[in-house]
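Convention: sequence-line order gives letters A, B, ...; per-chain numbering from 1.
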2 protein chains.
Amino acid sequence: MSEPDAPRVVSLEGSLAAFEGLWQPRIVGELNGQHVKVAKLRGEFVWHRHVDADELFLVLRGVLRIELRERALTLRAGEMVIIPRGVEHRPVADEEVHVLLFEPAGTLNTGDAGGPRTVREPERL
Amino acid sequence: MSEPDAPRVVSLEGSLAAFEGLWQPRIVGELNGQHVKVAKLRGEFVWHRHVDADELFLVLRGVLRIELRERALTLRAGEMVIIPRGVEHRPVADEEVHVLLFEPAGTLNTGDAGGPRTVREPERL
């Protein structure tokens with residue numbers, strides 16, 4: 001693990017304003033082997049699961065639907081959900097959504113599904 | 001580790017509305033051995049550090065000052081900071097502040113300082 005940086009205040013809104021790409025999470029913090037990321041989502045993502053990682057979604061702006069195999073969850077700003085490891089899910093957003101993600105460092109956005117939308121090394125902001 | 005619950009949507013504002021106590025974090029989620037907590041802060045807390053835990057503060061409402069030994073950080077709603085393990089800090093809030101915390105399960109609010117303000121087993125919401 002690298003040496004931690006000196007504590008710095010991070011604006012989530014400012015971080016989200018610093019990039020454009022959809023479905024391309026950016027790392028805004030690291031602690032205890034976990035990454036804090038922000039992402040902009042719109043449209044349908046791929047079905048996937050994370051075999052070894054629980055994943056937290058906290059919606060900062062907009063409305064996010066997370067489809068599970070048996071039902072769907074709807075999250076609005078200020079709402080969060082934890083998708084346990086192994087649970088298949090698919091994020092969907094009719095309009096652009098801004099989210100904060102919390103998951104182990106190295107977790108791939110596409111989980112076990114892989115494919116062209118995989119971001120192997122998210123940028124750090 | 002206990003079996004994860006089925007995914008459920010958690011409203012941070014709703015969670016904060018469900019209790020009154022200051023400096024008494026409530027657990028609203030658990031993932032990868034980490035706890036997600038919410039807390040209401042007002043006044044001055046004790047100086048402390050967490051020997052084995054990095055700690056994230058995300059301000060949801062109000063203004064939080066985190067005093068370090070050499071300087072102080074000011075966080076407003078939508079801003080976060082990670083206090084690395086071992087770094088002494090003291091949260092201070094002139095008016096009531098609502099925060100979200102990420103830290104390893106079992107992290108004590110008073111860290112190495114202990115004392116009467118220690119919450120040994122935070123309630124789960």
Original post:
Is it the side chain or the backbone of B:V36 that comes within 4.5 Å of chain A heavy atoms, both, or neither?
Top reply: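 For B:V36, side-chain heavy atoms alone lie under 4.5 Å from chain A.
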Original post:
Given a strict heavy-atom distance threshold of 4.5 Å, which part of B:I66 is in contact with chain A: side chain, backbone, both, or neither?
Top reply: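 No part of B:I66 comes within 4.5 Å of chain A.
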With the 4.5 Å side-chain cut-off for hydrophobic clustering, are [X] and [Y] part of the same group?
X	Y	answer
B:V10	B:L125	yes
A:L73	A:V99	yes
A:W23	A:L108	no
B:V81	B:L60	no
B:L101	B:I83	yes

Looking at [atom1] of [X] and [atom2] of [Y], how far apart are the two atoms once the value is rounded to the nearest 0.5 Å?
X	Y	atom1	atom2	answer
A:L31	B:R85	CG	CZ	8.5 Å
A:L100	B:L100	CG	CG	8.5 Å
A:N32	B:N32	CG	CG	11.0 Å

Does [X] have more than 12 heavy atoms from other residues, nucleotides or ligands lying within 6.0 Å of its [atom1]?
X	atom1	result
A:R120	CZ	no
A:R61	CZ	no
A:E123	CD	no

Original post:
Do you know which of B:E13, B:E79, B:E55, B:M80 has the most heavy-atom pairs under 4.5 Å to chain A?
Top reply: B:M80
Report which part of [X] has an atom under 4.5 Å of a heavy atom belonging to chain B: side chain, backbone, both, or neither.
X	value
A:Q34	side chain
A:L68	side chain
A:L58	side chain
A:F57	neither
A:R76	neither
A:S15	neither

**OP:** Quick one: which of A:L56, A:T74, A:V87, A:L75 has the most heavy-atom pairs under 4.5 Å with chain B, could you say?
**Re:** A:L56
Subject >> Nearest non-hydrogen partners of B:A6 and A:R71, listed with the distance >> reply: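 Smallest heavy-atom distance, with atoms named: CB-NH2, 3.9 Å.
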Original post:
Closest heavy-atom contact between B:I82 and A:G29?
Top reply: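 Scanning both residues completely, I find the closest heavy atoms to be CD1-CA, 3.7 Å.
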